Amino acid sequence: MGWFTKSDESRHALPEDIWQVCPACKVHVLKDEWARNLKVCPKCNHHDRLDCRERINLLIDAGTFREFGQEIVPSDPLNFQDAKGPYAEKAKATVSKLGMSESVVTGSGNIGQVRLVIAVMDFRFLGGSLASGTGEKIRLAIEHAIRFRRAFVMVSASGGARMHEGVVSLMQMAKTCAALSKLQKAGLPYISILTDPTTGGVSASFAMIGDVNIAEPGTLIGFAGRRVIEQTIKQKLPKDFQTAEYLEAHGFVDHIVNRSEMKAFLSNLLSYRQSK
Amino acid sequence: MGWFTKSDESRHALPEDIWQVCPACKVHVLKDEWARNLKVCPKCNHHDRLDCRERINLLIDAGTFREFGQEIVPSDPLNFQDAKGPYAEKAKATVSKLGMSESVVTGSGNIGQVRLVIAVMDFRFLGGSLASGTGEKIRLAIEHAIRFRRAFVMVSASGGARMHEGVVSLMQMAKTCAALSKLQKAGLPYISILTDPTTGGVSASFAMIGDVNIAEPGTLIGFAGRRVIEQTIKQKLPKDFQTAEYLEAHGFVDHIVNRSEMKAFLSNLLSYRQSK
Amino acid sequence: MAFEFESDLENIRETIAVLEQKSMKGDAAASARIAELRRKLATETARVYSSLTPWDRVQVARHPGRPTIDRYAHGMCDDFVEIHGDRVYGDDPAMLCGFARIAKTKFMLIGHRKGDNTEENIKYNFGMANPEGYRKAMRAMHLAEKWGLPVVTMIDTAGAFPGMEAEARGQAEAIGRNLMEMAALETPILSIVTGEGGSGGALGIAVGDRILMLENAIFSVISPEGCASILWRDGTKAPEAAAALKLTSHDLLGLKIIDGIIPEPIGGAHSDPDGMVVAVRQAILSHLQAICSVSKSRMLDARYKKYASIGRFVQERI
Amino acid sequence: MAFEFESDLENIRETIAVLEQKSMKGDAAASARIAELRRKLATETARVYSSLTPWDRVQVARHPGRPTIDRYAHGMCDDFVEIHGDRVYGDDPAMLCGFARIAKTKFMLIGHRKGDNTEENIKYNFGMANPEGYRKAMRAMHLAEKWGLPVVTMIDTAGAFPGMEAEARGQAEAIGRNLMEMAALETPILSIVTGEGGSGGALGIAVGDRILMLENAIFSVISPEGCASILWRDGTKAPEAAAALKLTSHDLLGLKIIDGIIPEPIGGAHSDPDGMVVAVRQAILSHLQAICSVSKSRMLDARYKKYASIGRFVQERI
Ligand SMILES: [Zn+2]
Ligand SMILES: [Zn+2]
């Protein structure tokens with residue numbers, strides 16, 4: 001376990017910016033090691049968040065990813081404005097800052113011999129919130145999967161629906177699930193990968209209804225927020241509440257898979273699809 | 001409430017055999033009143049067991065019932081013999097004593113304008129046990145319902161599978177449910193009426209999977225026996241455990257209906273079937 | 001219960017009450033004045049209710065005197081047979097399901113259940129369903145599909161219940177599954193938001209071929225209070241949030257999220273519950289007739305297109 | 001663990017053990033005698049196991065050394081991916097479900113899970129599933145149906161768990177629903193009773209296109225002890241009840257309830273678990289090939305006829 005130092009002394013002897021502090025156990029890990037370990041803490045196995053490009057690189061064979069629907073960007077159906085100003089500006093700034101058009105990236109790509117359709121949410125984009133552009137991109141990806149009879153893999157990471165788009169955003173839950181019902185009818189596999197965090201309207205739509213639900217260890221998965229629940233029931237919640245492990249024990253997650261094994265697991269799982 | 005006396009004195013002044021004692025609350029009721037009240041205790045609403053003829057008279061318009069499969073009688077696939085002697089003799093004696101061929105009576109009949117197929121179990125026949133003849137009669141009744149596109153109504157009253165026929169009897173659970181899966185596919189209504197008692201292999205096959213499950217008040221409904229459960233979990237069970245009311249609260253019974261209202265309820269319920 | 005925006009109306013009502021006492025004692029002038037004030041009350045009520053702010057409507061939508069689903073079920077239906085249970089865990093009293101008939105029109109009625117008083121509200125968990133409520137609703141819909149009955153859902157909830165047990169038993173899964181299965185349900189679905197249409201807990205039974213709203217009902221991705229405390233960092237900005245969220249029936253008709261508005265009696269549904277029930281009854285009859293007249297495959301196509309088209313603002317990009 | 005009917009064998013085994021000690025000390029005569037005794041043990045074992053009484057077989061079927069489903073899953077499969085949960089309430093460790101592959105043959109493996117030791121047995125509830133186990137199994141079957149995989153179920157349970165919570169969560173409903181849905185499942189099902197096939201809890205995953213039994217497995221409507229205490233009013237009459245119930249593989253093949261017997265290694269599955277696993281592997285491969293070769297509609301017809309014909313003894317009426 002050479003990646004993280006054992007003594008404070010040796011740590012302080014090195015320049016600050018080469019260290020990554022694990023958000024969970026606070027251990028210091030060399031940034032190189034942290035990256036090589038796929039942002040997973042070598043000490044406590046905390047799975048730190050990946051952005052959509054990192055996730056696609058993790059799961060899809062290099063050079064095979066073809067992105068869909070980059071022309072779909074946020075819309076502002078409500079002309080929404082809050083205390084900090086117009087949503088339109090905030091969204092525009094996010095798009096240009098992150099260089100991605102919405103909170104999800106969709107496309108097709110290969111894992112070995114298998115070509116599949118994948119949608120990957122990015123929590124950096126307004127908390128991975130589900131908005132009209134997000135829902136539309138996911139719907140189009142699912143329809144692509146149906147057209148080409150490919151499996152659909154959804155990687156969720158979201159705080160829920162984007163309130164700046166009001167009910168239009170809420171309705172993306174219905175839209176994406178309607179597309180999934182078509183996928184279901186077409187007999188095509190739907191794998192849902194739940195990553196930290198998968199909550200609110202995303203958990204209550206496409207994320208929990210995979211043919212197979214896979215989660216990374218420790219992932220926060222839940223409908224209502226912890227604080228809201230504690231206020232409602234006026235008691236403290238168990239520590240493991242709403243973790244992937246809790247969800248597995250309660251019958252909602254099929255398998256918890258370490259990040260380093262995720263691609264192999266997914267590849268093997270999809271090999272069970274029988275060509276009809 | 002003139003049916004039952006208020007004083008012991010007046011009761012003792014009358015000949016013994018005109019009284020019915022309620023098995024639940026021990027109140028004495030005049031036999032005439034007891035019968036007129038459909039064997040329901042006017043004091044505590046205890047629903048005493050009906051035999052199959054009484055049940056058919058209760059539910060089906062007089063003169064419209066046509067029985068099926070009277071030629072099906074118990075068979076003895078195992079040549080079963082226990083401490084008391086051969087099952088074949090016991091079964092034969094039961095048939096001749098009760099004047100019915102098996103533990104279920106099946107047929108078609110009318111409720112108002114609607115003709116339906118009905119199967120009624122009789123607890124007097126070896127505890128209403130499910131045996132090969134029972135299963136076969138139920139299967140044939142369901143197939144009749146499918147052929148003539150009628151609703152199927154099952155009135156259960158059984159302690160479970162008849163062990164004298166071994167696995168042949170167990171397999172009647174699969175047989176009847178297979179027939180129900182055909183009824184389901186044909187889009188025909190299946191109403192399950194659970195009467196006291198509905199337990200064991202009957203509860204774990206056709207009785208609990210109605211489109212609509214109806215029960216009489218206080219009906220014992222359960223898979224395992226109370227004593228077995230108490231021995232297993234080493235604690236006392238709640239008083240209402242395995243009652244119709246308990247099952248309704250736990251999501252398995254749609255409606256609890258008093259005997260006097262059962263026919264009208266059933267008739268009204270079936271009126272919701274849309275002719276396609 | 002009176003609202004802030006009703007203070008003028010409340011003053012008139014109080015004056016009428018005082019005059020009525022006098023009138024009973026034989027004061028003829030008072031009687032005349034009462035008649036005049038009643039006319040004024042009607043005019044003023046109409047004026048006030050025609051210019052409600054979104055936040056006002058939130059109050060009206062939540063008014064405890066609004067008809068509950070029990071009132072609709074028994075007031076507008078000529079027959080109603082409740083069915084219980086999800087067949088896996090329990091029977092959720094916060095979700096009412098049953099066979100319903102209006103004249104010759106039969107359907108499956110499904111909806112959130114609020115109470116008429118505190119006791120009922122506690123029993124019905126204030127209309128906030130648990131997973132077993134959503135699963136019971138789905139079971140009822142599949143039963144309707146099998147028996148050839150259309151489905152009418154009535155939405156009136158602050159949201160799905162945010163409880164520990166609800167999470168443990170899969171609140172998210174239950175709602176998500178409903179969304180998927182409703183999209184493919186082979187029987188017509190008419191959804192009516194009668195009061196509060198709160199977030200995923202509302203949507204969980206609202207994937208209709210048509211969605212109607214009562215005039216003063218609201219339908220929102222989040223409560224105005226919740227939105228205000230997150231985006232304004234100040235819960236008292238709920239009125240601003242309510243306006244920004246475009247949660248009223250008129251806003252949502254404009255956004256083409258909903259398909260129609262059922263007008264409320266002047267003064268709101270709570271001021272004339274019976275009148276409201278009659279209006280909903282009529283709306284159900286006419287809309288069911290329309291959606292039941294198309295073929296199954298066209299209905300499913302149209303339902304898919306309806307939801308697929310929400311949020312495609314290609315021409316209005318930021 | 002040794003059975004009563006194995007007492008002769010046990011004597012030989014003990015003698016061998018004593019002689020082995022001597023042999024290790026260089027006693028050549030002992031070595032020769034050991035070889036002789038080993039041959040005798042093999043012959044005697046074959047003799048004893050070829051004439052087991054039904055009650056003997058009950059003991060063998062329950063032997064803690066028999067291969068469990070985990071042993072099969074990992075011993076015979078080239079790959080196994082467990083899936084968890086019923087998606088409504090929990091994940092029942094007493095029911096194992098997962099994608100499985102033997103060479104190029106892929107299927108969904110589902111079965112009761114007993115443990116290899118006390119700790120595991122407690123964890124797996126001694127192979128007695130709760131409703132969520134049956135519901136997980138059904139979910140796995142529907143998943144197999146969707147993905148085009150056949151289903152292999154392995155039955156080894158004393159029965160469905162008779163607990164208070166199991167009743168509250170619908171043990172009866174869960175089993176009944178499985179019976180109905182398995183009958184219509186649009187993918188082939190191969191069921192193998194590997195140990196105890198106890199009553200409804202066994203049948204709940206046993207509605208196969210073919211049902212096989214391991215030679216010493218049992219399949220019964222009730223445990224012999226239960227039957228004896230009810231019909232003989234004497235639990236010690238279990239051996240008589242076991243005989244009367246016709247619960248052995250040979251009896252049930254004769255009654256045409258099952259479709260085949262998988263022979264066990266001489267001395268029973270527990271005496272050579274690896275050999276047993278290999279035999280089951282072969283049986284799965286050959287039977288799956290057969291049942292997967294017919295069309296879907298013929299398969300469903302045949303499945304229906306199979307169950308419809310059980311218990312039609314028109315010619316043998318009492
Ligand atoms: Zn760490
Ligand atoms: Zn009584």
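Per chain, numbering begins at 1; letters A, B, ... match sequence-line order. Keep in mind that what you see is a predicted model, and the values were worked out from it rather than measured.
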Do you know which two heavy atoms are closest between A:P77 and C:L255, and how far apart they sit? O-CD2, 3.6 Å
Do other residues, nucleotides or ligands put more than 12 heavy atoms under 6.0 Å from the NZ atom of C:K237? no
With a 4.5 angstrom heavy-atom cut-off, could you sort out which part of C:Y304 is near chain A: side chain, backbone, both or neither? side chain
What are the two closest heavy atoms between A:A174 and C:V207, and how far apart are they? CB-CG2, 4.2 Å
Atom pair CG (C:L245) and OG (A:S169), whose distance is rounded to the nearest 0.5 Å: 10.5 Å
On a heavy-atom basis, which atom in C:I310 and which in A:Q172 lie closest, and how many Å separate them? O-NE2, 2.9 Å
Would you call C:V221 and A:R162 a side-chain contact if the rule is heavy atoms closer than 4.5 Å? no
Interatomic spacing from CD1 in C:I222 to CE in A:M163 - rounded to 0.5 Å: 4.5 Å
Taking it one step at a time, do A:F206 and C:L179 satisfy side chain to side chain contact (heavy atoms under 4.5 Å, CB included)? CA-CA 9 Å; A:F206 49 81; C:L179 301 184; over 6 Å; no
If one checks every heavy atom of C:R169 against chain A at 4.5 Å, the contacting part turns out to be backbone
Working to the nearest 0.5 angstrom, can you tell me the gap between A:S203 OG and C:I175 CD1? 8.0 Å
If you take all heavy atoms of A:F80 and C:A244, which pair is closest and at what distance? CD1-O, 3.4 Å
Contact class of A:A131 relative to chain C, heavy atoms under 4.5 angstrom: neither
Structural part of C:E240 lying under 4.5 Å from a heavy atom of chain A: neither
Would you say A:K175's side chain and C:Y307's backbone share a donor-acceptor pair under 3.5 angstrom? no
Any sub-3.5 Å donor-acceptor pair from C:E167's side-chain atoms to A:F223's backbone N or O? yes
Closest approach of A:Y246 to C:A168 (non-hydrogen atoms, all atoms of both residues): OH-CB, 3.3 Å
Which atoms of A:E230 are under 4.5 Å from chain C, going by heavy atoms: the side chain, the backbone, both sets, or neither? neither
Supply the atom-to-atom distance C:L247 CG to A:L170 CG, rounded to the nearest 0.5 angstrom. 11.5 Å
Atom group of A:Q81 that falls short of 4.5 Å from chain C, counting heavy atoms: backbone
Could you tell me which portion of C:I211 (side chain, backbone, both or neither) has an atom closer than 4.5 angstrom to a non-hydrogen atom of chain A? side chain
Of the listed C:I230, C:L252, C:L203, the one with the largest count of heavy-atom pairs under 4.5 Å with chain A is C:L203
For the CE atom of C:M182 and the SG atom of A:C177, what is their distance to the nearest 0.5 Å? 11.5 Å
Top residue by heavy-atom pair count (under 4.5 Å) with chain C, among A:A204, A:A224, A:G200, A:P238? A:A204
Note: A:K185-C:E186 ion pair, threshold 4.0 Å (strictly below): yes
Check each atom of A:I229 against the heavy atoms of chain C and say whether the ones under 4.5 Å are side chain, backbone, both or neither. both
So which part of A:Q231 gets closer than 4.5 Å to some heavy atom of chain C, the side chain, the backbone, both or neither? neither
Gap between atom CE of C:M164 and atom CD of A:Q235 - 0.5 Å precision: 5.0 Å
Closest non-hydrogen atom pair, A:V168 against C:G311: CG1-CA, 3.8 Å
Is chain A contacted by the side chain of C:L231, its backbone, both, or neither, given a heavy-atom distance below 4.5 Å? both
